[in-house]
2 protein chains.
Amino acid sequence: MPEEKKKKKVSGVCSQPLIHEDIVERVQKKMPDENKLYDLAELFKVFGDSTRIKIIWALFESEMCVCDIAYLLNMTQSAISHQLRVLKAARLVRYRREGKTIYYSLDDSHVQQIFEMGMEHILEG
Amino acid sequence: MPEEKKKKKVSGVCSQPLIHEDIVERVQKKMPDENKLYDLAELFKVFGDSTRIKIIWALFESEMCVCDIAYLLNMTQSAISHQLRVLKAARLVRYRREGKTIYYSLDDSHVQQIFEMGMEHILEG
DNA sequence: ATAACATATGAACAATTGTTCATATGTTAT
DNA sequence: ATAACATATGAACAATTGTTCATATGTTAT
């Protein structure tokens with residue numbers, strides 16, 4: 001829509017070396033280790049999928065085998081297995097074998113509190 | 001690698017109508033509303049990116065303008081603006097204008113507790 | 001050994017997502 | 001009005017991710 005404007009310089013875009021040097025410096029000192037923040041993001045990424053959220057929430061209630069979960073969530077056994085692998089890798093679930101069946105259960109004490117806080121945030125809307 | 005096996009039926013794959021009907025039924029009753037679980041996943045998805053995690057963590061310490069954040073995280077102003085938009089949409093940050101500058105700050109009381117729980121989980125490893 | 005079955009997994013594909021680039025918008029000083 | 005600058009945003013692109021499909025693996029009963 002806009003016709004050729006006769007702008008001279010692009011300039012702008014954080015041209016200052018730093019606007020609030022003092023603040024940035026103070027914050028920088030308080031920032032946790034880069035790797036820890038990365039790992040934290042990785043953990044939340046695991047929670048950031050509704051299939052996995054459902055699986056975890058179901059496991060709050062009871063341990064279940066893969067087929068149970070698939071049936072409960074109305075999803076493919078394969079899809080559930082793939083997601084359980086992700087949860088396993090994040091050390092959020094554990095499993096035990098009983099014959100052909102494999103039972104999964106929650107393996108974490110913090111998840112419930114994290115979820116509760118998350119719910120509180122959501123329900124404020 | 002495996003040569004043609006003479007399997008007859010594919011069968012399997014959750015052939016039973018339900019393995020543990022009682023458990024599944026009980027869990028089903030306890031499951032929260034589908035939409036709430038979806039929203040919860042959406043919230044955690046926002047935390048599931050290290051750039052956004054860093055921005056939030058920085059804002060724990062102090063409100064900052066966009067250029068400050070970009071400088072702190074050694075990222076483009078544009079990238080930061082895009083992410084701030086995501087955080088804004090999730091009602092996690094608020095902003096105030098002061099002249100040309102826009103200051104962002106945290107707008108949530110639960111995030112810190114969620115992050116703390118997340119950190120505890122990570123640090124157990 | 002073989003069949004049946006619960007589960008796991010690699011490959012493929014579509015969908016989603018984060019960053020970059022270019023440029024628009026909004027504010028201030030001149 | 002215009003220049004300068006802080007910020008926002010649309011389009012494009014590469015990278016990541018979730019599901020499906022086919023099939024492998026592991027266990028049990030025969």
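Proteins come first, then strands; the chains are lettered A, B, ... in the order of their sequence lines, and each starts at number 1.
Atom CD1 of Ile19(A) is separated from atom C1' of dT27(C) by 14 Å (rounded to the nearest Å). Rounding to whole angstrom units, NZ of residue Lys100(B) and P of dA6(D) are separated by 6 Å. As rounded to whole Å, 20 Å separates atom P of dG26(C) from atom OH of Tyr103(B). Counting to the nearest Å, the P atom of dT28(D) and the CD atom of Glu98(A) are 10 Å from each other.
When Watson-Crick and G-U wobble pairs are counted only if both distances are under 3.5 Å, dT9(D) pairs with dA22(C). Under the Watson-Crick or G-U wobble criterion, with both distances below 3.5 Å, dT17(D) is paired with dA14(C). dA4(D): Watson-Crick or G-U partner is dT27(C), with both key distances under 3.5 Å.
Nearest to the side chain of Arg97(B), among dT7(C), dT27(C), dT7(D), sits dT27(C). With dT7(D), dA6(C), dT27(D) as the candidates, the nucleotide lying closest to the side chain of Cys67(A) is dA6(C). Which of dT7(C), dA8(D), dT17(C) sits closest to the side chain of Lys45(B) comes down to dT17(C). Here the side chain of Asp49(B) is nearest to one of dG18(C), dA8(C), dC5(D), namely dG18(C).
Using a 4.0 Å cutoff on non-hydrogen atoms, the parts of residues 73-86 of chain A near DNA chain C are Gln77(A), Ser78(A), Ser81(A), His82(A), Arg85(A), ordered by number.
Under a cut-off of 6.0 angstrom, the local environment of OH in Tyr103(A) is crowded, with over 12 non-hydrogen atoms contributed by other residues, nucleotides or ligands.
Just one of Ile69(B), Leu72(B), Asp68(B) meets the side chain to side chain contact (heavy atoms under 4.5 Å, CB included) condition when paired with Ile80(B); it is Ile69(B). Among Ile114(A), Val46(A), Asp49(A), the one residue that satisfies the side chain to side chain contact (heavy atoms under 4.5 Å, CB included) test with Phe44(B) is Ile114(A).
Put simply, CD on Glu116(B) and CD on Gln113(B) are 7.0 Å apart, with the number rounded to the nearest 0.5 Å.
Within the structure, every side-chain polar atom (N or O) of Tyr104(A) is placed at least 4.0 Å from both OP1 and OP2 of dA6(C).
Met119(B) and Lys36(A) get closest at one heavy-atom pair: CE-CB, 3.8 Å.
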* Worked check of side chain to side chain contact (heavy atoms under 4.5 Å, CB included) between Arg91(B) and His121(A) -> CA-CA 9 Å; Arg91(B) 301 176 8 259; His121(A) 176 79; 4.2 Å; yes

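Phe115(B) and Phe60(B) have perpendicular rings, their planes meeting at more than 60° on a 0 to 90° scale where under 30° would count as parallel.
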